[in-house]
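The structure appears below as structure tokens.
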Amino acid sequence: MYETSTGAPDDVNAPLPEPRWTVQWADGPVPDQRRLRPLTGHSGPVRTVATAIVDGRPVAVSGSRDNTVRVWDLATGEQLHDPVTGRTDPVSSMTAEVLSVATAVADGRPVAFSLHGDDSVLVWDLATGRAAGEFVRLVESAVLDERRVLLTLGADGTLSVADLLTGRRVAAFPSATGIAMLDGRRVVLTVDAVDVDRTVRVWDLATGGRLARSLQVVRTVDLDGRVLAVTAREPDQEPDKEADREPDPAADPGEGRLWDLATGEPLDATEAAAALSGGAARLGVTTLTVVHGRAVAVGLDGEEPRLIGPLALARQNGALVRTRARETALLDGRTVALTAEADGTLRIWDLTDDRPRVHGMRVIDAVGASGTAPAFPPGPEREADLWHRISGRGTGPSDSADPVLLTVEQGDTVVVRDRATGQPVGRPLTGHTGKVWDVATTVVDGRPVAVTASADHTLRTWDLSHALAHGGPSRAGHTATVTAVTAAVLDGSPVVVTAGADRTLRVRDLSTGRQVTAPVAGLEGEVTAMVASEVDGRPVIVTAGSGDTLHLLDPVGGDHVGEPVTSHHGRVLALAGATLGGRPVVVTAGTDRTAAIWDLATRRPVGEPLTGHTSRVTAVATTELAGRPVAVTGSWDKTVRLWDLDTGRQIGEPLTGHTDWVTSVATTLIDGRPVAVSRSRDKTVRLWDLATLRETGEPLTGHTDPNGPMVVTTGGARPVMAIGQGQAVRFLDLATGCEVGNEYALPLPAAALAAAPAGRLAVAFGPEIAVLRPAAD
């Protein structure tokens, strides 16, 4: 008896049909076949999701409380780019939480908008994953030095001046707090946010240069109704000549000159002495700005500075609004928004579109060219413009044109309802273990798909077109996690044997799922490896657990067959069945860096241990090579080795190529040639021609969980490898390295897989087991 699969047919080069794997039966609740795959990677609750098309591929954009925005390829489940985050707070070094995301198309380029907890709205290029700008608040439109400009305020408090004709930024003022008129010039006041002294500076808005020297106010006094300001002592210098210089930080911090704030003139020494001796203290003035030898005081009223003195005209804009009351404005009766792109270019976005049934936007670039493109798939919610979706105030969770409506109900479920009648269509979409925050819809491979975002840190995709198959009634099964599964023949009928953490062994008919024998109870410890065989015409199940002992069990009578076998491996890590000289044997692999052959009839070792690996042997499979029984082993030493079971010797040199531990191996036939398949913690799968001891083709990549179960089954016309990837099973055509059929999603992680006759596959997940088959079967 060998662990191998049937050979390939003559038409091996014919196109491989793509079966959709369906449940034949399940022990317990039937997995929901509408569930396509979970999208995992966020480390916090997923708050929001939107969909788009990037280079012809449907993608989802998600935002999470882990403060990242991620882009997912819905056809493969992989992330397209590295996660992106919003702005980092300079004080706390924390990035802002993502509150909402929306998608659109700008000049034929798909983009995403993300609203963050610091009130910023950022723009991302979905094709590259890079930042493409941010929403800014329009302060005003003005004319400076005969140039028309737009004044905008970013969420970080930076006031920018952009030329309206070119769209280019001509000046930027971080930590801007107010704008005003000073000596006939528009000026902007800034307050250093990280400066302990809260230094106020004054800048020329048109040129971007410092308008004048700022002097720190030591104290303010009131002398007979005159408000006088005392500034810090400076080295002797003419104020007009040094207007563009900062005060010398090495200067004596003692009191220096005294200024009359009503006239802006400095006082002479006599007046200064009298003021300092008899004046009453006043508060509120922090800085003096000296212009043409005269002083203008800057006062801080909380966070808002104001100019005090003769050069400050009455016409002032006062304080800027830093909070995001609304990053939108009205332009010619239309709602628009402004974004500052990474290169400083300013863009104007039309957030509404009055064309029926299409959400849209118009992008008006810096030189006036415009183009219109749909922002969302057609839908009836015409009143929900782009700004409502960015700010999380959309009219509903569905953007689909389908005649169904998706509603979030009961916290962690989504109900599909007929849009016309409001009645539920099919069962709710269940599976999330936390609150569902958002739902989006799109089309993947021609099928309508829903994407749900949840507090359980995952996104899930659902096939809304797939018919529901209930697969018969639920059956009593294991009460704890199924840890091992194998296929066997009992009384001429194929069966599935399972062992669970509840220390029971159960046998079920492969086709119907009905239990054909009483459960075998009282297993010693947890079964981690299991293989079916026959001894003297009686079916036996060989199990290994957390120790170094093998147990032989009678699945019909529920008894142990003989005494347990001590392997001396330290711990048995893998098992495989074979026939050697007409006698049933098992090959074991262990932590002692060896493999061993055991005669099941005598329960004794056959020959000496198979030595050669330099670290623990983690996997073993058997097949035939040129009519002789052989074993293939994989190890932590990163090698795969081939053994002649008749002689107990290694065949050829080790098969090398993996860069990390080999976690599993399997054998099959491709084009009639025996091959081995190895999987490694380096996240690759490699194929080896056992006749030539060479690798065939390129390594197969994209396997994120190297420790999940792996098995080879026919799955159709040619050998197919099934790989457990967390809460999903993926299927690969070994001849081409391409995925075949759909990825099958599960409510719990796949714990064990077993190939069964007719291309069927037994899958264990949690305490449940299901048998899958290609839809064409």
Side-chain angles (χ1 to χ4, degrees), residues 86-87 96 102 104 106-107 111 113-116 118-124 131-181 185-191 193 201-209 303-305 316-332 334-352 361-370 386-387 390-391:
R87 189 178 295 105
D107 297 337
V111 295
F113 302 90
S114 57
L115 170 65
H116 298 260
D118 62 355
D119 293 329
S120 62
V121 179
L122 305 181
V123 188
W124 308 95
E134 66 176 288
F135 271 36
V136 293
R137 187 174 188 275
L138 176 62
V139 177
E140 66 172 297
S141 176
V143 176
L144 298 178
D145 292 345
E146 300 182 351
R147 176 169 55 187
R148 188 178 178 188
V149 297
L150 291 178
L151 306 183
T152 61
L153 185 68
D156 62 351
T158 297
L159 181 71
S160 296
V161 182
D163 189 311
L164 188 58
L165 292 180
T166 66
R168 297 294 179 181
R169 186 167 60 185
V170 296
F173 305 95
S175 303
T177 310
I179 54 178
M181 295 293 295
R185 304 279 301 176
R186 296 296 299 276
V187 298
V188 57
L189 285 70
T190 64
V191 179
R201 294 182 174 88
V202 182
W203 309 81
D204 188 302
L205 198 57
T207 65
E303 294 284 331
E304 302 175 3
Q316 299 180 27
N317 282 50
L320 299 172
V321 178
R322 286 198 181 215
T323 58
R324 182 189 52 79
R326 182 105 166 163
E327 265 91 357
T328 58
L330 288 177
L331 181 64
D332 297 330
R334 302 180 69 84
T335 303
V336 300
L338 302 176
T339 61
E341 299 198 0
D343 62 0
T345 302
L346 192 69
R347 283 200 157 200
I348 304 174
W349 298 72
D350 189 336
L351 299 181
T352 59
M361 64 180 186
R362 182 175 299 133
V363 182
I364 308 172
D365 67 17
V367 295
S370 65
L386 181 59
W387 174 253
I390 295 172
S391 58

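We count residues from 1, following the sequence as given. Computed over heavy atoms, backbone and side chain alike; hydrogens, waters and symmetry mates excluded.
- Scored by the side-chain hydrogen bond (donor to acceptor under 3.5 Å, both in side chains) test, S114 finds H116, W124 as partners (sequence neighbours excluded).
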Test log, rule side chain to side chain contact (heavy atoms under 4.5 Å, CB included), inputs V143 and V149: CA-CA 6 Å; V143 176; V149 297; over 6 Å; no
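- A search for salt bridge (Lys or Arg N to Asp or Glu O under 4.0 Å) contacts involving R87 returns D118, E134, not counting sequence neighbours.
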Stepwise side chain to side chain contact (heavy atoms under 4.5 Å, CB included) check, R186 with I179: CA-CA 7 Å; R186 296 296 299 276; I179 54 178; 3.6 Å; yes
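- The side-chain heavy atoms of D204 and V187, taken from C-beta on, include no pair separated by under 4.5 Å.
- With F173 as the partner, the side-chain contact (heavy atoms from CB on, under 4.5 Å) test is satisfied by one option alone out of T190, T158, L153, L151: T190.
- Of all heavy-atom pairs spanning R147 and A206, the tightest one is NH2-O, 4.0 Å.
- Side chains of L144 and L205 form a contact here, defined as non-hydrogen atoms less than 4.5 Å apart.
- With F135 as reference, V121 is the one residue of V121, T152, L122 to meet the side-chain contact (heavy atoms from CB on, under 4.5 Å) rule.
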